[in-house]
Amino acid sequence: GRPRSLSPDRAGLARRRPAGGDAMPWSTAATDAFPEHNIGVTGAASLEVFAPLLAEAGAEGWWRRGYVSTAFGCPYTGRVDPERAVWVGLRLLELGVDEVCFGDTIGVGVPAGVDELTARAIEAGIPLERIAFHFHDTRGTALANVAAGLRAGVRTFDASTGGTGGFPYAPRAACHLGAAGPLYLPRAEGWGHGGDPPPLLPAPPFFAGVVCPAPPAEVCPDSAAGPCPPPTIRAAPCSATPFTWPPTRSFPMRSGARP
């Protein structure tokens with residue numbers, strides 16, 4: 001694996017150099033509302049900021065990943081059309097990223113949506129080998145989404161030890177997909193990946209109640225009350241303008257971006 005740390009601006013890139021490594025991910029989103037809350041700019045404006053940084057990192061020989069957050073749903077605007085996520089992925093490829101990672105930031109994605117997004121991305125010209133996925137397990141569908149991605153031909157997925165992580169700006173957005181499942185599932189189905197599940201298995205009890213206290217079943221119970229809450233779960237104080245080019249708004253950049 002490559003040591004990575006998200007960098008929303010030039011200051012982050014400058015801090016990354018002395019830390020070592022030769023890989024850097026950048027995170028934008030399929031909606032404008034989400035990056036306004038996450039990094040302080042619209043989606044289109046983030047691409048303008050990232051363009052010279054990606055070029056600079058490329059000139060130094062760094063491997064570059066572009067995240068398309070909220071590829072399935074946004075906590076502020078609701079369901080996201082896969083065409084919108086694909087469009088952002090194509091813009092990132094034009095800026096020189098080596099890989100496009102579609103993020104289910106609030107955990108509303110399902111296998112059928114993974115199939116559709118993968119198919120549309122390929123049809124639009126994003127090479128299959130340059131597609132990755134990042135799933136949150138809010139509603140217990142993350143591992144099923146990995147299985148769908150594998151069937152579609154995708155071979156790169158994010159996971160975290162013990163499911164650590166989450167998203168502070170999105171209510172009900174539970175933890176990341178834990179590493180044990182994605183390591184076990186492909187191997188059990190005959191895929192080789194080079195990972196080693198045993199050392200990771202003791203980690204979840206250590207993190208339980210510390211980083212991610214609510215398991216998916218508690219975040220979104222399967223009850224007679226009906227389906228899980230839709231992704232529109234918080235009013236957006238920011239603009240409701242569509243993802244346009246050139247950007248119509250700009251905000252000061254801030255650190256701490258999350259895909």
Side-chain angles (χ1 to χ4, degrees), residues 6 8 24-55 58 64-136 145 148-149 152-154 156-158 167 170 231-232 236 238-251 253 257-259:
L6 289 170
M24 178 73 81
W26 277 266
S27 179
T28 184
T31 67
D32 271 332
F34 184 82
E36 284 181 357
H37 286 80
N38 192 23
I39 58 175
V41 298
T42 63
S46 71
L47 295 178
E48 287 190 330
V49 172
F50 296 161
L53 304 179
L54 285 165
R64 297 155 295 171
R65 168 186 272 191
Y67 277 99
V68 183
S69 300
T70 62
F72 297 85
C74 175
Y76 310 106
T77 61
R79 180 185 179 277
V80 172
D81 189 321
E83 293 290 348
R84 189 177 177 105
V86 169
W87 185 88
V88 178
L90 288 170
R91 302 291 80 75
L92 287 168
L93 281 182
E94 291 174 358
L95 293 179
V97 301
D98 300 285
E99 184 175 83
V100 174
C101 185
F102 294 104
D104 183 17
T105 310
I106 57 173
V108 294
V110 295
V114 175
D115 292 341
E116 182 179 13
L117 180 54
T118 305
R120 294 202 186 188
I122 294 170
E123 291 172 3
I126 301 178
L128 179 61
E129 66 274 12
R130 296 174 72 178
I131 296 174
F133 279 110
H134 174 106
F135 296 118
H136 286 237
N145 291 337
V154 178
T156 303
F157 305 88
D158 285 353
F167 197 79
T232 307
C238 56
S239 74
T241 55
F243 196 108
T244 56
W245 190 272
T248 56
R249 297 183 63 186
S250 61
F251 298 82
M253 299 295 289
R258 299 190 184 208

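The shortest distance between side-chain heavy atoms of Leu117 and Phe102 falls below 4.5 Å. Within the 4.5 Å cutoff, no side-chain heavy atoms of His136 are placed close to those of Ile106. Looking only at side-chain heavy atoms (C-beta outward), Ile131 and Ile122 come within less than 4.5 Å of each other. A 4.5 Å side-chain heavy-atom check between Leu93 and Pro127 finds at least one atom pair inside the cut-off.
Of the residues listed (Val108, Val68, Thr31), the one engaging Val80 in a side chain to side chain contact (heavy atoms under 4.5 Å, CB included) is Thr31, and it is the only one.
For Pro52, the side chain to side chain contact (heavy atoms under 4.5 Å, CB included) test picks out Arg10, with sequence neighbours left out. Residues satisfying the salt bridge (charged side-chain N to carboxylate O under 4.0 Å, His left out) criterion with Glu94, sequence neighbours excluded, are Arg91. The side chain to side chain contact (heavy atoms under 4.5 Å, CB included) check on Ala152 picks up Thr118, with sequence neighbours excluded. Here Leu95 pairs with Leu47, Ala51, Leu54 under the side chain to side chain contact (heavy atoms under 4.5 Å, CB included) rule; sequence neighbours left out.
A pairwise comparison of heavy atoms in Gly43 and Pro35 identifies N-CG, 3.5 Å as the closest pair.
Under the salt bridge (Lys or Arg N to Asp or Glu O under 4.0 Å) criterion, the residue pairs touching residues 103-121 are Asp81-Arg120, Glu83-Arg120, Glu116-Arg120, with sequence neighbours excluded. Within the structure, ring pair (Phe, Tyr, Trp, His ring centres under 6.0 Å) contacts touching residues 106-133 (residues at least two apart or in different chains) are Phe133-Phe135.
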